[in-house]
Amino acid sequence: MKDKDLRKRVPYHIQRDVLDELGVDQVAEKSDFKISANEKLRDAVRCTGPRFKSCFLSFVPLLAWLPRYPFRENAIGDLISGISVGIMHLPQGMAYALLAAVPPVFGLYSSFYPILIYFIFGTSKHISVGTYAVMSVMIGSVTERLAPDSDFVIPGNDTNSTTLDVFSRDAERVKIAATVTFLSGIFQLLLGLVRFGFVVTYLSEPLVRAYTTAAAIHVIVSQLKYSFGINPQRYSGPLSLIYIIIATVVSWQMDLKTEYGVEVVGEIPSGLQAPVAPAVSLLGSMVGDAFALAVVGYGIAISLGRIFALKYAYKVDSNQELIALGLSNSIGGLFNCFAISCSMSRTMVQVSTGGKSQVAGAISAVVILVILLKIGELFEELPKAVLAAIIYVNLQGMMKQFGDICSLWRTNKVDMVVWVMTLILTVLFNPDLGLAASIAFSILTVVFRTHYLFIIFCYFEYNVSVFFTHLQVKEIPGIMIFRSSATLYFANAEMYIDALYEKTGVDVAKLLSHKKKLEAKRLRKEKKAAKKAKKEAKKRAKEAVKACLCFPTESAVSAFNQGEEPQFSDTDESGEEAEANGDVHKLSVKEPKDVAAVEAGPDPDTDTPLPRAIILDLSPVNFLDTVGVKTLRNIYKDYGEAGVQVYLCGCQRGVVESMEKGDFFNEKVTKSILFSSVHDAVLYCQQGNSKEVQYILMSYTHTRISEVS
């Protein structure tokens with residue numbers, strides 16, 4: 001209550017003339033400095049030694065991080081993680097090959113070649129690339145459309161009998177899957193080379209989650225033929241290994257294929273296949289499918305990669321990820337692989353078992369190589385129904401995403417509508433057309449909201465102080481004011497954060513990583529010093545015991561006569577006094593009082609001083625979606641951990657309501673960080689530590705809407 005009363009008793013007054021554009025030109029001098037297009041072009045094509053080295057290392061990240069690989073710290077965790085994930089690749093690879101409508105062995109190929117390529121060119125340390133259910137069902141829709149069973153039916157010996165040429169059908173489908181994978185990799189590679197990694201920002205989180213849920217429904221329908229013996233038309237962890245082994249042994253011993261007609265995996269040839277050129281004649285009929293595969297595969301991988309990059313304080317290069325996935329798919333397509341992406345289940349296993357770098361992925365590829373060369377033929381009698389069951393188990397997480405509808409209804413109803421429409425469109429159409437329709441609907445909602453709010457807010461008039469954000473003016477020491485000219489939502493949330501990092505000159509992820517390293521170093525120093533001090537104290541205790549035995553005290557003699565041994569405490573801190581008095585019963589190992597400490601110094605790679613406070617001017621923001629609220633929450637949290645206070649100002653009523661519904665505020669983060677104007681926030685930052693001057697209570701920006709004639 002006292003702080004609240006102080007805020008009320010400190011008003012401030014502003015007296016100035018109304019400034020139009022001419023008045024602004026007189027008050028402050030505009031900057032006329034511009035860089036010509038020719039200078040920009042010359043700078044872009046200029047090649048120096050350091051610049052060439054930087055570009056080459058960014059294109060082949062393996063050469064940058066492998067020489068500095070902390071073998072002692074990461075080797076064991078990466079080894080265990082790689083073996084665990086490699087075991088998961090076996091059942092998932094064969095199971096997802098069924099979704100792609102190709103023989104199961106090609107799922108093992110897809111779990112080998114692309115992983116090695118990503119190991120060389122990828123930048124995410126934790127994601128597990130390989131076969132993925134959504135990508136496989138999209139491949140399956142292409143293969144079954146271009147190579148249907150009806151094209152491979154041959155007449156039998158009887159008049160009305162026909163047989164299906166399975167061998168020819170599978171060979172054609174493998175060729176189609178490899179070709180569309182190759183083309184999708186080319187699309188990804190081209191998008192990465194022209195720096196088009198930002199296109200994935202138009203795949204919002206609700207859209208991606210709804211799309212994967214709808215794709216899971218397609219997957220379930222496609223597996224009914226293996227689970228229940230029906231054949232619906234496709235309309236346009238380590239425990240799995242145990243189940244596979246048991247099912248294979250049972251099928252082999254009972255001869256389920258011959259006796260009961262159960263479909264099994266079939267031949268798994270040993271060794272690797274030679275590369276094969278893609279079928280150029282088929283490229284024209286699968287351009288749309290390939291582009292959809294490229295976008296979906298990249299969107300899923302980069303979304304999951306950014307989650308773990310934020311958690312473990314490192315950065316994932318979105319454009320390099322496009323290049324890495326593009327090379328994985330294009331080169332994999334030459335070896336009859338089908339399109340790959342990132343799997344959530346394998347990634348969680350890789351992280352939980354101690355994986356800390358891309359080395360874990362390389363080890364998992366070695367496990368698959370051993371299976372292909374040595375033990376693959378042991379799984380030829382595995383029933384396909386078991387693989388279908390594994391697919392159902394792996395889809396549990398996707399089906400749980402139906403709970404998003406309730407949470408989005410409470411936080412943002414527009415995002416909820418996008419989620420529901422994405423699900424409906426993807427289920428009604430095939431996955432590629434469903435994705436295109438879902439993106440179009442999502443963009444339509446943004447256009448509608450932006451246009452509607454612009455018509456209203458363009459007539460607002462403000463009675464606030466003026467801060468010249470686009471002119472050459474004097475900066476306020478220790479305070480940085482950041483204002484974006486656009487609203488904050490899923491399509492530009494990443495650009496908003498990147499611009500904030502650039503303007504503040506602070507790489508928060510790098511700074512937090514540096515602080516974690518210093519903290520770990522400090523703990524190691526403390527542990528080492530404590531261990532050394534304890535060892536020395538024990539040594540002094542033993543010497544004191546020897547001295548007491550040579551010159552025993554009365555109590556020690558009494559204890560010896562009674563058959564007892566003197567007792568020594570490891571926790572009593574009176575060891576020095578006991579040693580001085582010759583009393584062995586009070587002798588102890590004294591814990592060190594002073595422990596070596598490491599002071600957290602500045603990051604050696606960062607010369608920019610940290611600002612004391614950052615003020616985010618949100619007056620241009622006319623709405624916030626769930627991604628925008630999460631972005632503001634992450635900015636406040638990350639800069640807060642780095643010791644920089646973040647304040648918000650100019651929030652409109654709808655923005656504050658979105659923050660309330662999105663659980664931005666809590667017991668620690670209250671509305672006291674919101675201000676009605678930049679001026680209020682600056683005054684508080686300048687005089688907030690004074691007992692006599694406190695900041696003004698937050699109030700919503702008052703506006704007046706002019707009447708439209």
Side-chain angles (χ1 to χ4, degrees), residues 30-31 33-35 40 43-44 58 194-205 302-303 305-306 309-310 313-321 446 450 467-473 475-476 478-513 603 605-642 644-652 655 658-659 664 673 678 681-682 685:
K30 289 187 177 180
S31 174
F33 178 74
K34 294 182 180 179
I35 301 177
K40 292 181 180 179
D43 182 68
S58 64
V194 297
R195 321 302 289 176
F196 258 50
F198 69 89
V199 295
V200 76
T201 57
Y202 290 95
L203 298 177
S204 66
E205 182 179 351
I302 195 64
S303 299
R306 284 173 179 167
L310 181 63
Y314 66 93
K315 186 175 182 180
V316 173
D317 188 341
S318 58
N319 292 300
Q320 182 60 30
E321 285 296 291
V446 174
T450 306
F467 280 81
F468 303 107
T469 57
H470 65 289
L471 305 174
Q472 294 179 346
V473 294
E475 296 182 356
I476 304 174
I479 301 175
M480 183 164 292
I481 304 171
F482 183 82
R483 182 179 187 270
S484 174
S485 60
T487 191
L488 178 60
Y489 64 109
F490 70 87
N492 65 356
E494 183 184 5
M495 291 183 286
Y496 188 94
I497 296 178
D498 291 342
L500 179 61
Y501 287 174
E502 179 183 357
K503 296 301 181 182
T504 57
V506 179
D507 190 340
V508 177
K510 190 175 182 180
L511 180 64
L512 294 179
S513 176
D603 191 340
D605 297 333
T606 304
D607 298 327
T608 305
L610 289 174
R612 186 173 73 254
I614 295 177
I615 300 173
L616 301 181
D617 183 7
L618 301 182
S619 55
V621 178
N622 46 25
F623 71 90
L624 277 180
D625 60 0
T626 52
V627 178
V629 175
K630 289 180 181 179
T631 300
L632 292 178
R633 186 189 300 123
N634 291 334
I635 291 174
Y636 185 88
K637 174 179 175 292
D638 292 343
Y639 275 102
E641 292 178 354
V644 180
Q645 185 62 44
V646 177
Y647 299 100
L648 313 179
C649 66
C651 299
Q652 301 173 20
V655 172
S658 297
M659 295 169 69
F664 179 85
I673 67 169
V678 176
V682 171
C685 293

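What's counted below: heavy atoms across the whole structure, side chains too, no hydrogens, waters or symmetry copies. Nothing here was measured: the structure is a model prediction, and the numbers come from that model.
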Legend entry - Evaluation steps, side chain to side chain contact (heavy atoms under 4.5 Å, CB included), between Cys685 and Gln645: CA-CA 9 Å; Cys685 293; Gln645 185 62 44; over 6 Å; no
Legend entry - Pair Val316-Glu321, side chain to side chain contact (heavy atoms under 4.5 Å, CB included): steps then yes or no: CA-CA 8 Å; Val316 173; Glu321 285 296 291; 3.4 Å; yes
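- Interatomic distance, CG of Leu648 versus OG of Ser619, reported as 12.0 Å (0.5 Å rounding).
- Across Asp617 and Arg483, no two heavy atoms sit closer than the pair OD2-CD, 3.0 Å.
- Legend: residues meeting side chain to side chain donor-acceptor pair (under 3.5 Å) with Lys315, ordered by chain and number and at least two apart, are absent.
- When all heavy atoms of Arg306 and Ser318 are compared, the closest pair comes out as NH2-CB, 3.6 Å.
- For Phe664, there are no ring pair (Phe, Tyr, Trp, His ring centres under 6.0 Å) partners, not counting sequence neighbours.
- In this structure, the ring of Phe482 has its center less than 6.0 angstrom from the ring center of Tyr496.
- In this view, Glu205 and Lys630 satisfy the side chain to side chain donor-acceptor pair (under 3.5 Å) rule, not counting sequence neighbours.
- Of the residues listed (Leu632, Asn622, Val629), the one engaging Leu488 in a side-chain contact (heavy atoms from CB on, under 4.5 Å) is Leu632, and it is the only one.
- By the side-chain contact (heavy atoms from CB on, under 4.5 Å) test, Asn634 is found to be paired with Leu310, Asp638, residues two or more places apart in sequence or in another chain being considered.
- In this structure, Leu618 CG and Cys651 SG are separated by 4.5 Å, a value rounded to the nearest 0.5 Å.
- The side-chain heavy atoms of Met659 and Arg633, taken from C-beta on, include no pair separated by under 4.5 Å.
- Legend: residues meeting side-chain contact (heavy atoms from CB on, under 4.5 Å) with Val644, ordered by chain and number and at least two apart, are Leu610, Pro611, Ile614, Tyr639.
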Legend entry - Derivation and outcome, side chain to side chain contact (heavy atoms under 4.5 Å, CB included), residues Phe623 and Ser658: CA-CA 8 Å; Phe623 71 90; Ser658 297; 5.9 Å; no
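- A side-chain contact (heavy atoms from CB on, under 4.5 Å) with Leu616 holds for exactly one of Ile635, Val678, Ile481, Ile673; it is Ile635.
- Evaluation of the side chain to side chain donor-acceptor pair (under 3.5 Å) rule for Tyr314 yields His126 as partners, not counting sequence neighbours.
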